[in-house]
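What follows is a set of notes on a single structure, which appears directly below.
Numbers restart at 1 for each chain; the letters A, B, ... are given by sequence-line order, proteins then strands. Every heavy atom of this structure was used, including side-chain atoms; hydrogens, water molecules and symmetry mates were not. Please read all numbers here as calculations on a predicted model, not as lab measurements.
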Amino acid sequence: MATEVIEKVESRSTYLNNGHTVKSWLLTLDHKRIGLLYLFSISIFFLIGGIYASLIRLELVTPEGDLLTPDTYNRVFTMHGVIMIFFFLIPSIPAVLGNFLLPIMLGAKDVAFPKLNLLSWYIFMLGGALMMYTLINGGIDTGWTFYPPYSSIYSNSEVTMAGVSIFITGFSSILTGLNFMVTIHTMRAPGLTWFRLPLFVWAHYATSLIQILGTPVIAITVLALALERTFQIGIFDPKLGGDPVLFQHMFWFYSHPAVYIMILPSMGVISEIIANSTRKRVFGYHFVAFSSLAIAVFGFLVWGHHMFTTSQSMYAGMVFSIISYAVAIPSAIKTFNWLATIYKGSVSFSTPMIYALAFLGLFTIGGMTGLFLSALGLDIHLHDTYFVVAHFHYVMVGGAIIGYLGGLHYWWPKMTGRLYPETLGRISAVIVFVGFNFTFMPQFILGYLGMPRRYYAYVPEFQVLHVLSSGGAFVLAVGFMLPLFYLAWSIKYGQKAPNNPWTAFGLEWQTASPPPTENFTYNPVVTTEAYEFEHVEEIRNAGKTGAIQTA
Amino acid sequence: MSDHTEHHIVSPKIYFAIFGALMVFTAITVAVARFDLASVWGPLNIIVAMTVATIKATLVVLYFMHVRYSSKLTQVIVIAGLFWLLIMLVLTIADYVARTGWPTPLGQV
Ligand SMILES: [Cu+2]
């Protein structure tokens, strides 16, 4: 990291020192502050979800179910899934990094609807409060998938309250998506045409599309479930004249694309990090941009691959299987284009780049094992085993969370105005990578050998692999906790960050670190395409003076 | 629609006409409920009900929600929303149809 001296006076007004009261934070309309509110909230949810994950891995150290009761174990893995998915992964990159960066990357002063943006955080917190109420009342035991008839009739846990919580939280996601979409359409700086947009913005556009078009369906689905539970209206329960497979259709219509809500923004982050850490324009910019949209659209056509072992017709299964294979194409386009970008680039192995490289490897494994699971025959063997668990953790943790951490480090100097300790950052990135693989690689083997998911006891032959996995989880936890501490430490004690510590390309690096409340002290005009590193000297100067008006 | 229609003001006459049309369709729904159309052809009940509902919803979206007078982009978004609903319905129903044949007594689906 370059260590330039900044000549700015200490009293410069930034979004951080523009009001210090609690009220100035809780009633803020500043997209940057709302991003930090989200950062704070989802970090807490991540910790809670992580505690549940630790309980799961502790229970599975021994073949006998000895630490938790079977019922408690059901509640523990359900709450782990529900909290991590709906309260951490879905909001993670869009609500934190997206909120903070998107308007700045567009050269705008804020999002299109700042009040709606604040409302989305309050809705999120209301949903989160109801989920905490559920948690205190013992949580739910249905699995995060809420499959009826178990969830609608038989479960005596807080399913209705959890459903209401997810219903409400969904609206915060819709509002974020709506805000981003309108902002990208209407608030781009002069000269910032669609094909000059950073790929982070393209990825968020595609994500917004899914959030707006998919989320209402999960809301309707859990609402129908709550109605069935409360008023015995037959929708999903065969006893009442309903159909449980209908629930799975509706649930996965949202929940498969939801994976792309997690992974697409992460891909946007990876594009930015790779371009700026190799000092090259992303290879095949247009292909990478459009593959985001292709993933968003085709992602809606594959949900039946979760239902190969149900009574779903085999013809539907064949169609869903083939389209699932097809959706791997845009993902592969991105991966190969990133590799081509790195090729002959001048690569710097900063913390964000280590995360980006980890993403490339882990996401490839996650994606490729997805193809195993979309094969009609092989899925019969692997369905509901640890192979599936390993697969989606490679996508959600190895893809989404790794991208989130990479992005958080990459833009941390911009967000806080402080540098984090780089060596510690690199060490913890490597710890995350090693710990992650030790946790989940054994689970592929376990699943292939026949270890079912959601079981709290298992045959003794599986113990070695389970102990490896639990040991890896401990290392992974250390890797996740380290950034929590040194990032928090850096806010107060970190070295002051220059405006453009990476000598990176992009409007966000042309404004001060941390940015002023109005983002820019001048009106940015864009005259070049994204990632044109020939202009980087001008940008470096702009970082110092804030005077230059071109990108 | 072109730009100058962005602040288009709809005359009360049109609102009342649409309101009248919605009432007429409601009356049709009530009237049809008196006959068991399933005795004519299995799925006819639901076809009539859905057709009436679709026309009413379209009128509300076009006039009461001003989509007819909105920008092209707004119209594209509305159509995209409907298209996505269609994806869900078509692929889900395709599963049921491929399992049970068509036309089925829809009560069983
Ligand atoms: Cu899926």
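Dense packing is recorded around CZ of A:Phe195, with more than 12 heavy atoms of other residues, nucleotides or ligands lying under 6.0 Å away. The neighbour count for A:Tyr315 OH, taken as heavy atoms of other residues, nucleotides or ligands under 6.0 Å away, does not exceed 12. Heavy atoms from other residues, nucleotides or ligands lying under 6.0 Å from CZ of A:Phe298 number 12 at most. The neighbour count for B:Phe19 CZ, taken as heavy atoms of other residues, nucleotides or ligands under 6.0 Å away, does not exceed 12.
Contacts between B:Leu85 and chain A at a heavy-atom distance below 4.5 Å are absent for every atom of the residue. With a 4.5 angstrom heavy-atom cutoff, A:Met181 touches chain B only via side-chain atoms. For A:Leu246, the parts lying under 4.5 angstrom from a heavy atom of chain B are both the backbone and the side chain. The parts of A:Phe300 that come within reach of chain B are both its backbone and its side chain, each placing non-hydrogen atoms under 4.5 angstrom from that chain. Using a 4.5 Å cut-off between heavy atoms, A:Val217 contacts chain B through its side chain alone, with no backbone atom that close.
Between B:Leu91 and A:Trp303, the closest heavy-atom pair is CB-CH2, 3.3 Å. Minimum heavy-atom separation, A:Phe253 to B:Ile87: CE1-CG2, 4.2 Å. Residues A:Gln312 and B:Arg99 come closest through the heavy atom pair CA-NE, 4.0 Å.
Here the straight-line distance linking atom CD1 of A:Ile212 with atom CH2 of B:Trp84 works out to 11.0 Å at 0.5 Å rounding. Between atom CD1 of residue B:Ile77 and atom NE2 of residue A:His185 there is a gap of 5.5 Å, rounded to the nearest 0.5 Å. For the atom pair CG (B:Asp95) and OG1 (A:Thr310), the distance works out to 7.0 Å, reported to the nearest 0.5 Å.
Ring geometry for B:Tyr96 versus A:His249: interplanar angle of 30 to 60°, hence tilted.
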